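A short worksheet on the structure shown next.
Labels below follow one simple rule: chain letters A, B, ... track the order of the sequence lines, proteins then strands, and each chain is numbered from 1. Being a predicted model, the structure only gives us computed values, none of them experimental.
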Amino acid sequence: MAEEEYQKYYVPAQSVWPIVGAVALFLIAVGAGNFIIESTRDKDGYGAYTLIAGLGLLLVMIVGWFKNQIDESMSGLYSAQLGRSYRQGMAWFIFSEVMFFAAFFGALFYARTISVPWLGGASNNAMTNEVLWPTFEAVWPLLTTPGGDTSTQMGWFGLPLANTIILLISSVTLHYAHTSLETDKRNSVKICLGLTILLGVIFLGLQGYEYIHAYDIGLTLDSGVYGNTFFLLTGFHGLHVTLGTVILMVLFFRVVWGHFTPKEHFAFQAGAWYWHFVDVVWVMLFFFVYIL
Amino acid sequence: MVSTTDTTHSGDHDADTQDHVASDHIDDHHHHEAPYGISRWLLTTNHKDIGTLYLWFAFIMFLVGGAMAMVIRAELFQPGLQIVEPNFFNQMTTVHGLIMVFGAVMPAFTGLANWMIPLMIGAPDMALPRMNNWSFWILPFAFLILLSSLFMEGGGPAFGWTFYAPLSTTYSSDSTALFVFSVHIMGISSIMGAINVIVTIFNMRAPGMTYMKMPLFVWTWLITAFLLIAVMPVLAAAVTMVLTDKFFGTSFFDAAGGGDPVLFQHIFWFFGHPEVYIMILPAFGIISQIVPTFSRKKLFGYASMVYATGAIALLSFIVWGHHMFTTGMPVEYEIFFMFATMLVSVPTGVKVFNWVATMWRGSISFEIPMMFAIAFIVLFTIGGLSGLMLAIVPADFQYHDTYFVVAHFHYVLVTGAIFSIMAAVYYWLPKWTGKMFDITLAKWHFWCSLVSVNVLFFPMHFVGLAGMPRRIPDYALQFADFNKWISVGGFAFGLSQLIFLALIIKACRHQGESVSSQVWDGAEGLEWEIPSPAPYHTFETPPIVR
Ligand code: HEM
Ligand SMILES: [Cu+2]
């Protein structure tokens, strides 16, 4: 009978973390909103403090919630069915992230294949060009905007290429960490995972360096739709790498503390999926933002 | 369709005789009864509590958004500027739309999903109970931010619920930053809620509850959840670009920097059209539960209903351009979007046909949920037909941005989505409270709503066809008579909802006659085999579905 195989699905009684997280998000939203208004409009206010308070509270919430979660998992409350719930939940979360990036890639494609050519007179827009932007020439990357702002192109060779290789290698090392975990070679897990984290940190360092360089050569966030898409795509990607690196660090410590078994290691799997996803986004970025 | 044990559908409303049927699924250790006090609601992980919270929140937002509609209709009662400043009028239309879409309709459906999906598939709770709490509790904060932005310097959002650039960038007040972040929170809430629904349905079905045995409400929500996860992130990206355009000098939607305001419309409507199906697919599910119950027949064409829902969802990704016929698109695209849009009416027609075919030769009883369901079928179809008119490119050149469009989407949203939510509440309320609601009040609510809603929205078709533009606080004299009646209908519809409020409050105080576990003669499905009121924990051991 199916009923004998049935393991009780763990439904936690009550939890204070979600409401803490809700207050945290509230403070973050109010803080970020006001901070942006105050800093761009030269006003005084409490935006920055509210934002920092919100971020701090969010951190408390994450630590508390995860501690809860880890304690429950370690005391064997979780069934195989619950594990599936977590895995599926994570997969769908990553799908939502894919769609978030897709929108920005969409904006990039639109700018390249539609708005910039049309401003230059393509399709039936000869008069748009003639009357509104007579000196504008449609080329990509858009280094001179219709409004006349100029910027410089960021090449793909050098740092971006190095970063691509770094992230690709990190995916491989993480994969080995994962297979080592499944075969219970815990030392090799630590080494491979440590390497992955190191590569992630190097990537972020180089990316920061590249941003400084970009601003030096005149490619800025507000330099037309080329700079816009460049910075928002790489910027959101960088945020995700940062988050991914933090996740991997937490996983590293959990491995050191002896958590996870070769069979059950949802958190590890989720972190690995996330990292691979962030890598794939980078490869797309490298092609569409840098090379093409 | 599904049954755990041999249930005799005797249909007497006065006895709890059938409750033994389900007692083996109810946990005997009653020590974790519902906790008391405010912390019960703040800390809860129980799908029924969270469902209740969602439903109350949605209802309160419905009244708040409704109050704004009253302001709009008061201003439009007569031509000329009467009561409010034009800028405030714009804030009212904007926030009314945002609240009704993100604060009333969507949370109400999520509340119903929370309450009913675990009961309908025999699951002990939602798959991720703590995240469930989080998805709810961030919502009131999001709307607190949105509403308080109305009181900020320069006023709140005044650019329409569609926040087209450059209205939302160059020409908006600085409070737009808060609008952006509140939409982010709404999006996070929807995405987490949707993940919970999908995972619950994939992973928590009772043994034997195969996909093609799932009640249609579960099916339609599964597909809705997929749509939500696919398009809410796109909305997040859209508001983010508005934020950077307004505050950080990017030019995604500014031609001077190589961008394009039309890009905003593409991104918004890539989200927006699936969004309108997010607001109607669960309604289709509800109607597909109610019509068979009160026709005492099985749903006609169950499988075709499932496929039609899937088809509508897929098509919804390729029709967004029908909102942009007049903004400038190459003519091939206009024609593509026109035909793709018309294709949607095929699966939609299949659904309407199936509901009618279900009623055909059924032994129908006209109880309150069924009355709302029948009103839904007729009036939603009117909205679908005006949608078809709008889908015709050359016709839309005339209709676009007139009151005809307002009439269209209010028929699909008010007499569609909102009526279905009311039908659902009446249908399941006795299961939630264990008592039959006040039927006299319910009849008053139904008839007052039905008459007033048509006085309110039907004449909008005519003033729209005659050329009255939407989102303007004043209008030409020849529209005065119609607008007077529209406003009268509006006030009457608003007042009618207070009857609903009174009824719900009475029901929450557990007044009224006790009901059996089956509640409605002819109701089938797992949710009718547990006692009424549904115990705090249900199906801790899954039932076996044959
Ligand atoms: C047969 C199905 C439908 C068709 C063919 C259709 C077609 C259209 C078209 C062409 C427009 C744009 C009109 C214009 O702005 O000129 C429109 C607007 C709209 N539709 Fe529909 N529609 C359908 C069903 C629905 C449903 C089910 C909903 C929601 C539950 C909905 C909600 C809306 C909304 C909210 C707008 C106005 C958006 C705005 O400008 O603010 N429609 N529809
Ligand atoms: Cu549409």
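Only the side chain of B:Thr244 comes within contact range of chain A, with heavy atoms under 4.5 Å apart. Neither the backbone nor the side chain of A:Ser123 has a heavy atom closer than 4.5 Å to any heavy atom of chain B. With a threshold of 4.5 angstrom between heavy atoms, A:Met90 does not approach chain B through any atom at all. Contacts of B:Ser135 with chain A are absent, with no heavy-atom separation under 4.5 Å from either backbone or side chain. Using a 4.5 Å cut-off between heavy atoms, A:Asn68 touches chain B through its side chain atoms alone. Contact annotation for A:Ile28: neither backbone nor side-chain heavy atoms come within less than 4.5 Å of a heavy atom of chain B. Of the two parts of A:Thr220, neither the backbone nor the side chain holds a non-hydrogen atom closer than 4.5 Å to a non-hydrogen atom of chain B. Residue B:Leu235 does not touch chain A at all, counting heavy-atom pairs closer than 4.5 Å. With a threshold of 4.5 angstrom between heavy atoms, A:Val20 does not approach chain B through any atom at all.
In terms of non-hydrogen atom pairs under 4.5 Å with chain B, the most contact-rich of A:Gly227, A:Gly33, A:Pro18 is A:Pro18. Among B:Leu42, B:Asn133, B:Ile191, the residue with the largest count of heavy-atom pairs under 4.5 Å with chain A is B:Asn133. Taking chain A as the reference chain and counting heavy-atom pairs below 4.5 Å, the highest number among B:Phe136, B:Trp137, B:Phe247, B:Phe271 is found for B:Phe247. Of the listed residues (A:Ser115, A:Ser223, A:Gly224), the one with the most heavy-atom contacts under 4.5 Å to chain B is A:Ser115. Here A:Pro146 is the residue among A:Gly147, A:Pro146, A:Gly120, A:Gly89 with the most heavy-atom pairs under 4.5 Å with chain B. Among the candidates B:Asp125, B:Ile145, B:Leu139, the residue making the largest number of heavy-atom pairs closer than 4.5 Å to chain A is B:Ile145. Between chain A and the residues B:Gly249, B:Ala256, B:Pro330, B:Ala177, the largest count of heavy-atom pairs under 4.5 Å involves B:Ala256. Put simply, of B:Ala237, B:Ser175, B:Ala238, the one with the most heavy-atom pairs under 4.5 Å next to chain A is B:Ala237. By number of non-hydrogen pairs under 4.5 angstrom with chain B, the leading residue of A:Trp92, A:Trp118, A:Trp17 is A:Trp92. With chain B as the partner, the residue from A:Phe104, A:Phe236, A:Phe35 showing the most heavy-atom pairs under 4.5 Å is A:Phe104. Ranked by heavy-atom pairs shorter than 4.5 Å toward chain A, the options B:Ala127, B:Ala123, B:Ser148 are led by B:Ala127. Between chain B and the options A:Ala32, A:Ala138, A:Ser39, heavy-atom pairs under 4.5 Å are most frequent for A:Ala32.
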Begin from the C-alpha positions of B:Leu178 and A:Asn34 and carry the test side-chain contact (heavy atoms from CB on, under 4.5 Å) through to its verdict. CA-CA 7 Å; B:Leu178 289 158; A:Asn34 281 305; 4.2 Å; yes
Checking side-chain contact (heavy atoms from CB on, under 4.5 Å) for the pair B:Trp134/A:Met61: CA distance, chi angles, key distance, verdict? CA-CA 11 Å; B:Trp134 202 27; A:Met61 172 276 231; 3.2 Å; yes
Please determine whether side-chain contact (heavy atoms from CB on, under 4.5 Å) holds for the pair B:Phe248 and A:Asp222, giving the CA-CA distance in whole Å, both sets of side-chain angles, and the decisive distance to 0.1 Å. CA-CA 7 Å; B:Phe248 300 111; A:Asp222 55 6; over 6 Å; no
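Note that CG of A:Leu232 is 7.5 Å distant from CE of B:Met241, once rounded to the nearest 0.5 Å. Here CD of A:Gln14 is found 12.0 Å from CZ of B:Arg130. Values are rounded to the nearest 0.5 Å. We find the OG-CD1 distance between A:Ser96 and B:Ile188 to be 10.0 Å, quoted to the nearest 0.5 Å. Annotation: the span from B:Ile198 atom CD1 to A:Phe95 atom CZ amounts to 8.5 Å, rounded to 0.5 Å. Atom-to-atom distance recorded for B:Ile195:CD1 and A:Phe93:CZ is 7.0 Å, nearest 0.5 angstrom.
In this structure, a donor-acceptor pair under 3.5 Å is present between the side chains of A:Tyr110 and B:Asp260.
Contact annotation: the side chain of A:Thr229 approaches that of B:Phe252 to within less than 4.5 Å [non-hydrogen atoms, C-beta and beyond]. Between A:Tyr86 and B:Val199 there is no side-chain heavy-atom pair separated by less than 4.5 Å. Side-chain atoms of A:Met99 and B:Phe270, non-hydrogen and from C-beta on, do get closer than 4.5 Å to each other.
Nearest heavy atoms, B:Gly259 versus A:Val225: N-CB, 4.2 Å.
Between the side chain of B:Asn203 and the backbone N or O of A:Gln88 there is no donor-acceptor pair closer than 3.5 Å. A donor-acceptor pair is defined here as one N or O able to donate and one able to accept, closer than 3.5 Å; no such pair exists between the side chain of A:Thr145 and the backbone of B:Gly258. The closest donor-acceptor contact from the side chain of B:Thr45 to the backbone of A:Pro12 lies under 3.5 Å.
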